[in-house]
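Residue numbering restarts at 1 for every chain, and letters A, B, ... go by the order of the sequence lines. What you see below is based on every heavy atom in this structure, not just the backbone, and it leaves out hydrogens, waters and symmetry mates.
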Number of protein chains: 2
Amino acid sequence: MVTIYDVAQACGCSSATVSKALNNYPDVSAKTREKILKKAKELGFVPNLQARALSTNKTWNIGVLFEDKSHSGLTHYFFSQVLQGVKEQAEEMGYDITFISKNLGGVEMSYLEHCNRRKIDGVVIACIEFDEPMVQELMDSDIPVVAIDYYSEHISAIMSDNFRGVYELTKYLISLGHKDINYVFGHEVYVTEERIRGFKKALEEEGIPFSDDMLIKSKYSEKQPNIDATKVILGRDKLPSAILYPDDYSAIWGINTLRAHGLRVPEDISVAGFDGVEIGELVSPRLTTIKQNTSRMGKQASLKCIQMIESKSDDFTRITVGVELIPGKSTMAKK
Amino acid sequence: MVTIYDVAQACGCSSATVSKALNNYPDVSAKTREKILKKAKELGFVPNLQARALSTNKTWNIGVLFEDKSHSGLTHYFFSQVLQGVKEQAEEMGYDITFISKNLGGVEMSYLEHCNRRKIDGVVIACIEFDEPMVQELMDSDIPVVAIDYYSEHISAIMSDNFRGVYELTKYLISLGHKDINYVFGHEVYVTEERIRGFKKALEEEGIPFSDDMLIKSKYSEKQPNIDATKVILGRDKLPSAILYPDDYSAIWGINTLRAHGLRVPEDISVAGFDGVEIGELVSPRLTTIKQNTSRMGKQASLKCIQMIESKSDDFTRITVGVELIPGKSTMAKK
DNA sequence: CTAAATGTCGAAACCGTTTTCGACATTTTG
DNA sequence: CAAAATGTCGAAAACGGTTTCGACATTTAG
């Protein structure tokens, strides 16, 4: 391995000067700088990031907390796109991203300790159980943290405009003549609350009375709970004319369940999803859904995280990313 | 930040002894070890990985090359599962994974240089254009490298049993009475060659003559090429009774194209995919496909990479991961 | 022309570990 | 009991950079 000392020797100068030349310090003459850069390239010098980090205390590394708890791989269909955004933006700005786990070098440890050992510059948290004490510990630390789809007073966060999403979706259904709408919703976190708020708001604005049984509790991205929720609806005396599901996958399971029960979608009942993952395009009928701008969410997360790192400001911000209504063929005007 | 020196001072011993105690060296008495460990915990000592890496030359870090060139996100549906396997296995063995890009700290560089700066211990390459000179440079370096779905004489690689996959799929179709089978195949890489070999072998064993026009060239995971390929088939005088597509997505686009042409699947024509991603389950008719064991592929990649790192052996191995036929409803017995 | 300002460089300390090797104390062996 | 072996520890160098501060040379100001 050729070091800064080798370059110094080859140039007949000190390591300090080499370091300065390489880092564009002003106090090195153009001539020596030239010579040093040339020699460095010639010798194939590659700076050692650990050594540099040791003295600068900056690793150009942002950690990502991302667990596929269900091991279903399904959560990936949404979050892997977010992750791609995180990755692209970080790379563009010169940062690497590495996953934070509970094990380093064979030693079990908390997420925070992992970050501290690696001297991670900042962290993006996505797709994880935010209530875990370990996650909270990390968010409470003084490492810059950006969360995706999580609400807290003292943390920067990126979220879709969930309120507006469901609001617009519901308005759209109402505009198609639907009044009897059910909303199968995911587990109770802030994101879900916002969506339900959007649902109620749309109903209210259109003068449709809300009642609790319009809401059916389910889970995000899980098969059985959504099949069960659908069966609950099917067991009722009077069927709604439209159903919203927590996400696109759930909607598809819902559609399959409705069909198995002899109902046609959208002729007998309209169905909409949420997320706007590619699958909605492929399935027939093409799913009506709200598309989240996953790439933008990821990029914003990286951007915000890096801003926090570089400004050393610990001011937190909540950034809302716009969503888009995708009218498909799984919904139609009520007859 | 509390360092090893702080611990040493608090214990009234030298930093060397602290280091030894922490790393289970034999030449430190049980008593002092106890005291050191206790004090270290008390003071909240967290070892600095960069400092350690500087002297041990080991970073507990494996790099991952993973580019979503098409930006479609689609490649992710398969590779994100592989990646999950890579991640899980690496984490279990104490390694972190970080993505390798062409930019570090705002400086453009090759993948190899990136690895060298970070002193990555080893690399897993997946989902990338292997022909790129930069990728070749990395594979030719003396960093341990494991590739996924790539064939080369001097590189360790993980691959599905592609030959057997298409072989069994074809045999299955033949067992359903199909003789007139077309194979829409992806771009020409080793994986594809193997699959075509499996296709031919199955035909041969069943005494069905092979002809070149049974093969239609297309691309993996891309919409238009597969629609086009399907149209080529539709334009022929005599339609086949079954079509194999390069992957599940392509199969679905194929099905949609066939339907748009008035054909029913599977009644008029049988269709099969490849990969076994979840979407095949959701779509109707449920797709007949070959399921690749993505998780296992990823885990094997990490495992092999770490073995190479730790044994310092540069012997390369090719590991083949078994596949599974998933009979669905997109194929049926020929009438 | 002298004093001050500026430009260019290097010695050395520092970042936080690991590891070698020798010193010393203690125990074992003969 | 002396010699040898063993156990326990620390000084110091090494890993590969960055950065401060002072030295010296050169240019500018007065």
Side-chain angles (χ1 to χ4, degrees), chain A residues 1-37 39-40 43-61 104-107 113 115-121, chain B residues 1-37 39-40 43-61 104-107 113 115-121:
Chain A
M1 201 75 286
V2 24
T3 75
I4 209 175
Y5 293 100
D6 300 324
V7 178
Q9 192 166 5
C11 292
C13 67
S14 78
S15 67
T17 308
V18 175
S19 173
K20 289 175 187 169
L22 260 26
N23 293 299
N24 287 319
Y25 273 57
D27 64 338
V28 37
S29 72
K31 210 170 61 180
T32 33
R33 184 191 312 280
E34 291 287 307
K35 186 166 63 172
I36 290 172
L37 294 185
K39 273 290 178 197
L43 297 175
F45 169 73
V46 171
N48 181 323
L49 201 58
Q50 341 284 322
R52 172 186 290 217
L54 197 52
S55 54
T56 58
N57 219 21
K58 165 141 191 172
T59 55
W60 292 95
N61 207 206
L104 217 185
V107 185
E113 181 166 347
C115 291
N116 282 141
R117 290 200 180 205
R118 274 237 185 265
K119 292 271 177 220
I120 290 290
D121 292 328
Chain B
M1 197 77 287
V2 25
T3 75
I4 210 174
Y5 291 103
D6 300 324
V7 178
Q9 191 164 7
C11 292
C13 67
S14 78
S15 68
T17 307
V18 175
S19 173
K20 288 175 188 169
L22 259 26
N23 292 299
N24 287 318
Y25 274 56
D27 64 339
V28 36
S29 72
K31 211 170 60 181
T32 33
R33 183 191 313 280
E34 291 287 307
K35 186 167 61 174
I36 290 173
L37 294 186
K39 274 288 177 199
L43 297 175
F45 168 72
V46 171
N48 180 322
L49 202 57
Q50 341 283 323
R52 172 186 290 219
L54 196 52
S55 55
T56 59
N57 217 22
K58 165 143 192 170
T59 54
W60 292 94
N61 207 206
L104 217 185
V107 184
E113 181 166 348
C115 291
N116 282 142
R117 289 200 180 206
R118 273 238 186 265
K119 292 271 177 220
I120 290 289
D121 293 328

So, using side-chain contact (heavy atoms from CB on, under 4.5 Å) as the criterion, who are the partners of [X] when residues are at least two apart?
| X | value |
| --- | --- |
| B/Asp27 | B/Lys20, B/Tyr25 |
| A/Ser14 | A/Ala16, A/Thr17 |
| B/Leu49 | A/Leu104, A/Arg118, B/Arg52 |
| B/Ala51 | A/Leu54, B/Asn48 |

- Message: Are there runs of at least three consecutive Watson-Crick or G-U pairs touching DNA chain C, with each pair's two distances under 3.5 angstrom? Give them by first number.
- Response: C:1-30 with D:1-30
- Step by step, would you call A/Lys119 with A/Asn61 a side chain to side chain contact (heavy atoms under 4.5 Å, CB included)? CA-CA 8 Å; A/Lys119 292 271 177 220; A/Asn61 207 206; over 6 Å; no
- For B/Ser55, the side chain to side chain donor-acceptor pair (under 3.5 Å) test, sequence neighbours excluded, returns none
So [X], base contact, sugar-phosphate only, or nothing? Heavy-atom distance under 4.0 Å.
| X | result |
| --- | --- |
| B/Thr56 | sugar-phosphate |
| B/Val46 | sugar-phosphate |
| A/Val7 | nothing |

- Message: B/Ser19 vs B/Ile4, test: side chain to side chain contact (heavy atoms under 4.5 Å, CB included). Steps then yes/no.
- Response: CA-CA 7 Å; B/Ser19 173; B/Ile4 210 174; 3.6 Å; yes
- Item | Listed partners of A/Lys39 passing salt bridge (Lys or Arg N to Asp or Glu O under 4.0 Å), at least two apart | A/Glu42
- Query: For B/Arg117, what residues pass the salt bridge (Lys or Arg N to Asp or Glu O under 4.0 Å) criterion, not counting sequence neighbours?
  - Reply: B/Glu113
- A/Val18 and A/Cys11: CA distance, side-chain angles, deciding distance, side chain to side chain contact (heavy atoms under 4.5 Å, CB included) verdict: CA-CA 9 Å; A/Val18 175; A/Cys11 292; 5.5 Å; no
- Contacts to DNA chain D from residues 20-31 of chain A, heavy-atom cutoff under 4.0 Å, which residues? A/Lys20, A/Asn23, A/Tyr25
- Item | Evaluation steps, side chain to side chain contact (heavy atoms under 4.5 Å, CB included), between A/Cys13 and A/Thr32 | CA-CA 9 Å; A/Cys13 67; A/Thr32 33; 5.8 Å; no
Between protein and nucleic acid, restricted to nucleotides 12-15 of chain C and to nitrogen or oxygen atoms under 3.5 Å apart, what atom pairs and distances do you find?
none

- Message: Looking at A/Asp121 and A/Thr59, would you say the former's side chain and the latter's main chain have a donor-acceptor pair under 3.5 Å?
- Response: yes
- residues 4-17 of chain A vs salt bridge (Lys or Arg N to Asp or Glu O under 4.0 Å), sequence neighbours excluded, gives none
- Hey, where on DNA chain D does chain B first and last touch, going 5' to 3'? Cut-off is any atom under 4.0 Å from a heavy atom. D/dT8 to D/dG16
- Note on the structure: Assert: residue with more 5' nearest nucleotide on DNA chain D, out of A/Phe45 and B/Gly12, is B/Gly12
